[in-house]
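Input: a single structure, listed below in structure tokens.
A, B, ... follow the sequence lines: proteins, then strands. Residue 1 opens every chain.
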Protein chains: 2
Amino acid sequence: MARGRTAPRLVDVAERAGVSLATASRALSGRDGVSPAVAQRVQEVASELGYVVNAHARSLAGGSASVVGLIVHQIDDPYFSEIAAGVISVAYEHGITVQICHSARDPENELRQIRTLIANNVRAIIVAGSGYVGEDVETAAKRELAAFQDTGGRVAVIGRHALRADAVLPDNEDAGAALAEHLVELGHRRIAIASGTVNLTTVVDRLAGIERALAGHGIDIDDLPLVEAEFTRDGGAYATERIVADHPATTAIIALNDAMAIGALATLRSHGIAVPSHMSVVGFDDVTVAADLAPSLTTVRLPMTEMGADALMMALKDHSSRPRRRHTGHELMVRDSSGPARV
Amino acid sequence: MARGRTAPRLVDVAERAGVSLATASRALSGRDGVSPAVAQRVQEVASELGYVVNAHARSLAGGSASVVGLIVHQIDDPYFSEIAAGVISVAYEHGITVQICHSARDPENELRQIRTLIANNVRAIIVAGSGYVGEDVETAAKRELAAFQDTGGRVAVIGRHALRADAVLPDNEDAGAALAEHLVELGHRRIAIASGTVNLTTVVDRLAGIERALAGHGIDIDDLPLVEAEFTRDGGAYATERIVADHPATTAIIALNDAMAIGALATLRSHGIAVPSHMSVVGFDDVTVAADLAPSLTTVRLPMTEMGADALMMALKDHSSRPRRRHTGHELMVRDSSGPARV
DNA sequence: TTGAAAGCGCTAACAA
DNA sequence: TTGTTAGCGCTTTCAA
């Protein structure tokens with residue numbers, strides 16, 4: 001391989017500026033203990049040479065890493081791509097880059113990704129996917145992340161996890177309650193639920209909110225049909241097929257996220273079932289496209305981009321000993337996909 | 001800071017396996033010169049310990065980097081998040097992680113991101129955004145990337161760029177032609193174009209295809225209204241407002257990507273203009289949600305996920321001296337948003 | 001087939 | 001305020 005001109009190194013800058021390596025290093029990372037005049041000179045030389053610090057060397061030498069890791073279930077799910085956009089924008093402001101990994105909703109795989117990020121010595125790890133239900137599933141991850149934190153790593157999670165870390169907590173339960181209230185007020189009683197897999201805390205929490213609100217109206221959620229499927233558009237389509245076939249009296253479908261709701265709307269359309277006159281459909285998240293569907297989707301807005309931004313900001317901030325928890329708001333977005341129950 | 005147990009290092013593995021550092025290194029990176037028995041033993045010990053190689057140390061020591069960079073315009077644009085999913089999945093298979101940066105459709109910013117990735121010594125850089133029109137805009141980036149390639153870095157681009165690199169070339173021109181043909185066949189003549197900013201090669205190429213097809217039917221594209229706006233949903237909404245207000249005779253709108261088409265559909269709906277009976281709308285890309293819109297969107301499918309996967313695979317493959325170029329196919333997806341021109 | 005040892009480019013003690 | 005120097009964890013010659 002032809003070896004061209006190599007990137008300038010810190011020694012090059014130091015030599016050219018007539019200072020030592022240490023001084024150059026201090027000047028460039030903006031630490032004090034350098035006279036302003038020298039600092040400026042070094043910085044000039046550096047930009048003259050187009051010098052950019054070698055992140056690997058810096059990190060290896062014990063300097064602060066300039067990379068953060070972000071674990072999502074699947075980046076081409078709008079819920080996660082909006083969170084990622086928030087993370088990336090905050091990272092950009094801090095001169096940090098973002099490594100994104102897929103957990104594919106598999107705790108095993110998530111653990112593997114966490115290990116990789118830790119080995120890469122990232123500055124912080126943001127776990128954006130839902131937590132998993134059950135004692136044991138996250139214990140290994142918990143241990144690894146705790147060790148990571150003990151050595152100065154930062155961790156923030158989005159959603160309810162068994163992990164001891166700063167957390168951005170989406171208002172899942174209250175959002176579920178708001179949605180259920182909304183449907184009940186419209187006169188719906190025969191409500192069906194298109195649910196994601198119940199090993200996800202997000203699913204469990206949304207269901208809990210729905211249960212609570214319905215109970216307030218004397219409706220037992222256990223009496224309602226619930227179809228468990230993938231937490232995706234296709235899962236929503238599948239669940240809706242089942243609901244339509246097995247529970248024809250249903251007047252409203254609660255999909256546990258917008259992706260499932262989109263699948264539900266598609267299935268209903270293909271069956272010629274009118275929304276909302278014959279069937280109401282509601283979702284969760286308010287992904288960007290929700291307002292542009294036809295009928296536009298009634299859903300609960302969670303501020304995904306902000307959640308991503310907040311998670312990284314929390315992780316970057318000076319650490320108090322106790323993990324912080326920050327609850328998001330939620331906002332019921334009543335649109336055209338929900339209407340009075342048919343009689 | 002309490003210093004807990006640190007991640008296991010290669011020495012730990014070597015010691016535990018009773019071999020030297022060098023042997024352990026060789027065994028784990030699958031190089032030969034190690035007896036199978038020893039190699040296996042080392043690998044067992046490593047996974048027992050949950051050992052993951054420190055990417056910084058490996059990279060600094062001259063080993064191959066395990067990170068690739070991906071530059072997109074905006075990750076929460078489905079076009080890019082689908083490409084990213086393709087890149088991530090191939091990366092995963094190769095034990096590589098992906099750093100994602102936003103260029104925000106700004107060549108300056110893109111250059112900055114490229115510099116950062118190079119300084120991070122990534123194994124490869126994938127530039128997924130459109131190229132920019134004009135001599136000078138990409139020259140600095142071109143120079144930096146060339147130097148990067150000279151020192152063994154790999155580069156692949158998606159879309160037409162002024163960069164000398166492996167390229168995945170979306171079939172933009174033919175796709176534009178196919179769409180224009182489709183509309184002409186339906187009897188449309190008063191066609192308006194909701195265009196992204198014409199400094200993007202993607203926009204220029206799609207327009208070229210449209211122009212060619214229309215010319216074949218005696219229509220001069222310059223006689224048609226073209227509104228230039230942001231290459232986004234809101235840009236599409238804005239352009240459509242303008243088209244509806246200034247060119248009421250229009251019977252079909254070509255939006256230059258699906259995001260703009262979604263904005264167009266929303267605007268038409270808010271004006272009570274029926275699609276397709278009063279106005280046809282077509283887009284480009286076939287993002288996942290396009291089929292689930294109502295009316296479902298007629299568009300041209302580009303295999304985004306595959307494009308991302310291909311780009312990384314090309315970049316990772318052994319390098320021939322000449323850059324390779326790989327054209328994607330395209331597929332006209334005729335759905336419900338296009339219909340015969342009203343009279 | 002294996003091991004010993006010299007760095008990769010940087011930061012952070014420690015000295016001056 | 002500045003300089004000297006010992007590593008960070010790994011790969012890779014070179015020697016055995």
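When rounded to the nearest whole Å, the span between CG of A:L60 and P of D:dC10 equals 9 Å. Taking atom CG of A:L21 as the reference point, atom P of C:dC8 lies 12 Å away to the nearest angstrom. In this entry the distance linking CG of B:L28 with P of D:dG9 reads 16 Å, nearest Å. Distance CD (A:Q40) to P (D:dT1): 16 Å, rounded to an integer number of Å. Rounded to whole Å, atom C1' of C:dC8 lies 10 Å from atom CG of B:N121. The distance from atom CZ of A:R9 to atom P of C:dC8 is 8 Å, rounded to the nearest whole Å. Spacing between atom CG of B:N120 and atom C1' of C:dC10 amounts to 14 Å, rounded to whole angstrom units. Atom pair B:R41:CZ and C:dT2:P shows a separation of 13 Å (rounding to whole Å applied).
In this structure, a donor-acceptor pair under 3.5 Å is present between the side chains of A:S59 and A:N121. Judged purely by distance below 3.5 Å, without hydrogens or angles, the side chains of B:Y132 and B:R160 never pair a donor atom with an acceptor atom.
Between A:Y51 and C:dC10 there is a side-chain N or O to OP1 or OP2 distance below 4.0 Å. The phosphate of C:dG3 (OP1 or OP2) has a side-chain N or O of B:T23 nearer than 4.0 angstrom.
Between B:H73 and B:F80, the distance from one ring center to the other falls under 6.0 angstrom.
Ion pair B:D310/B:R326 flagged as a salt bridge, since at least one NZ, NE, NH1 or NH2 atom sits closer than 4.0 Å to an Asp/Glu carboxylate oxygen. Salt bridge annotation for B:D77-B:R105: present, with a cationic side-chain nitrogen under 4.0 angstrom from a carboxylate oxygen.
In this structure, of C:dG9, C:dT2, C:dA12, it is C:dT2 that holds the atom nearest to the side chain of B:V38. You'll find that the side chain of A:S20 is closest to D:dT4, out of D:dT12, D:dT4, C:dA12. Closest approach to the A:S35 side chain among D:dG9, C:dG3, D:dT2 is made by D:dT2 (side chain taken as heavy atoms from C-beta onward). Between D:dT11, D:dG3, C:dC10, one nucleotide has an atom nearer to the side chain of B:S25 than all others, and that is D:dT11. Minimum atom distance to the side chain of B:R58 is reached by D:dT11, of the listed D:dT11, C:dA13, C:dT2. When the nucleotides C:dT2, D:dT11, C:dA12 are ranked by their closest atom to the side chain of B:L10, D:dT11 comes out on top.
Within 4.0 Å (heavy atoms only), B:G33 reaches at least one base atom of the nucleic acid.
Nearest-nucleotide positions on DNA chain C for B:R26 and B:A57 put B:R26 closer to the 5' end.
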